[in-house]
Participant: 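The structure follows.
Order of appearance sets the numbers: ligands from 1, and atoms from 1 within every ligand.
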Amino acid sequence: MTKQMKGGTMSFFLCTCGYRIGFNVCPCRNDGDVMGHRDRERADDLISREVEQYLAAVREGRRDSWLREFYLDVFPIEDASVISDIFARTIGDLSRAIHQCERCGRLWLQAKPGENTYASYLPEGAWRGALEAPPEGFLGYLDGQDFFDAVIAEIKQEGGTVRVVLQKEDGQNREVEFTGVAAVKQYDTTEKRIRFMSEWSSAPPLRRFVFDSSDQSSEPLLDIAAREVRFVS
Ligand SMILES: [Zn+2]
């Protein structure tokens, strides 16, 4: 199927699975650019030529007039930023945006550069994070969870057992149980919605589990060091 992205102030796109894909963070961990080989060659040519012309203008004392033509304005800017803008402009003109929905794995591919129409592709198996660049220590997302847009309703601790109660948008509760818990770090979870629970490397026998927030802030919602985890409901 194909779809239009929504514009306006609410910058999001509603995936077929119901997940709201936001566009308020750049670079977004699930966004990418797609370029065919022929366009890549064209981009290579255009960029090399434009950089060459810029360098010639600098050498020959015509930098201001080059800037005026490229930016329609002259302002203080470093050479590295000019070259970066040459890259960005050409790649933006020739590539198509791609986004993978992190909830269902659907790929949304822009039909043509600059056009607001997207085609969807659904993977046959469970496949997520194709465009992500995982940070160091990241082991993976745990299978069997669907906590998207849930909030942390309650954290119950009894000795070395911690139960996290999550309330989903439809009012249903999910519960995750951690046993052999060594540490629980809770951050500001007010009004914050969950994206995923992921596992990170830790000194054995402990495992480290992190709930992160759907607003893509770098601070997690909950960070638990435990021996085992189990989805209760
Ligand atoms: Zn989806």
Side-chain angles (χ1 to χ4, degrees), residues 1-36 91-92 95-135 138-153 164-176 187 189-200 209-222 229-233:
M1 69 175 293
T2 60
K3 259 191 187 183
Q4 311 280 307
M5 294 275 173
K6 286 191 179 148
T9 48
M10 287 296 288
S11 188
F12 71 89
F13 175 68
L14 198 61
C15 184
T16 313
C17 74
Y19 186 57
R20 279 191 308 266
I21 298 167
F23 291 102
N24 46 358
V25 178
C26 189
C28 167
R29 69 178 100 212
N30 293 296
D31 277 348
D33 296 307
V34 172
M35 203 185 260
I91 287 168
S95 62
R96 291 184 283 168
I98 188 166
H99 180 95
Q100 184 171 38
C101 172
E102 50 188 358
R103 184 195 215 177
C104 69
R106 249 183 203 84
L107 286 178
W108 288 96
L109 178 64
Q110 193 176 20
K112 277 186 189 163
E115 254 183 36
N116 186 21
T117 307
Y118 287 75
S120 69
Y121 300 82
L122 187 62
E124 288 193 21
W127 179 62
R128 309 279 187 278
L131 304 167
E132 287 199 32
F138 176 86
L139 299 181
Y141 299 115
L142 273 81
D143 284 344
Q145 58 176 303
D146 189 7
F147 302 148
F148 279 95
D149 290 334
V151 290
I152 296 174
V164 179
V165 182
L166 309 165
Q167 188 174 44
K168 302 213 5 160
E169 268 195 317
D170 60 8
Q172 282 190 358
N173 278 1
R174 298 284 311 272
E175 209 168 312
V176 194
Y187 297 81
T189 56
T190 358
E191 296 287 303
K192 290 226 171 137
R193 299 199 171 269
I194 294 172
R195 190 180 75 90
F196 262 126
M197 180 174 77
S198 53
E199 182 167 1
W200 295 71
F209 304 98
V210 171
F211 290 85
D212 65 7
S213 147
S214 62
D215 65 10
Q216 300 210 24
S217 54
S218 52
E219 194 171 81
L221 301 179
L222 196 58
V229 63
R230 176 170 83 90
F231 298 119
V232 181
S233 59

Participant: Under 2.8 Å from the Zn ion (ligand 1), protein N/O/S atom count?
Facilitator: 4
Participant: Check the pair R195, Y141 against side chain to side chain donor-acceptor pair (under 3.5 Å), reporting the backbone distance first and the verdict last.
Facilitator: CA-CA 11 Å; R195 190 180 75 90; Y141 299 115; 2.9 Å; yes
Participant: Any side-chain donor paired with an acceptor under 3.5 Å for N30 and Q100?
Facilitator: no
Participant: Checking E199 now: which residues fulfil side chain to side chain donor-acceptor pair (under 3.5 Å) with it, not counting sequence neighbours?
Facilitator: R207
Participant: Please identify each residue that fulfils side chain to side chain contact (heavy atoms under 4.5 Å, CB included) with Y121, with sequence neighbours left out.
Facilitator: L107, L109, A119
Participant: Any donor-acceptor pair under 3.5 Å linking the side-chain atoms of Y118 with those of R96?
Facilitator: no
Participant: Applying side chain to side chain contact (heavy atoms under 4.5 Å, CB included), name anything that partners S95, two or more places apart in sequence or on another chain.
Facilitator: D33, M35, I91
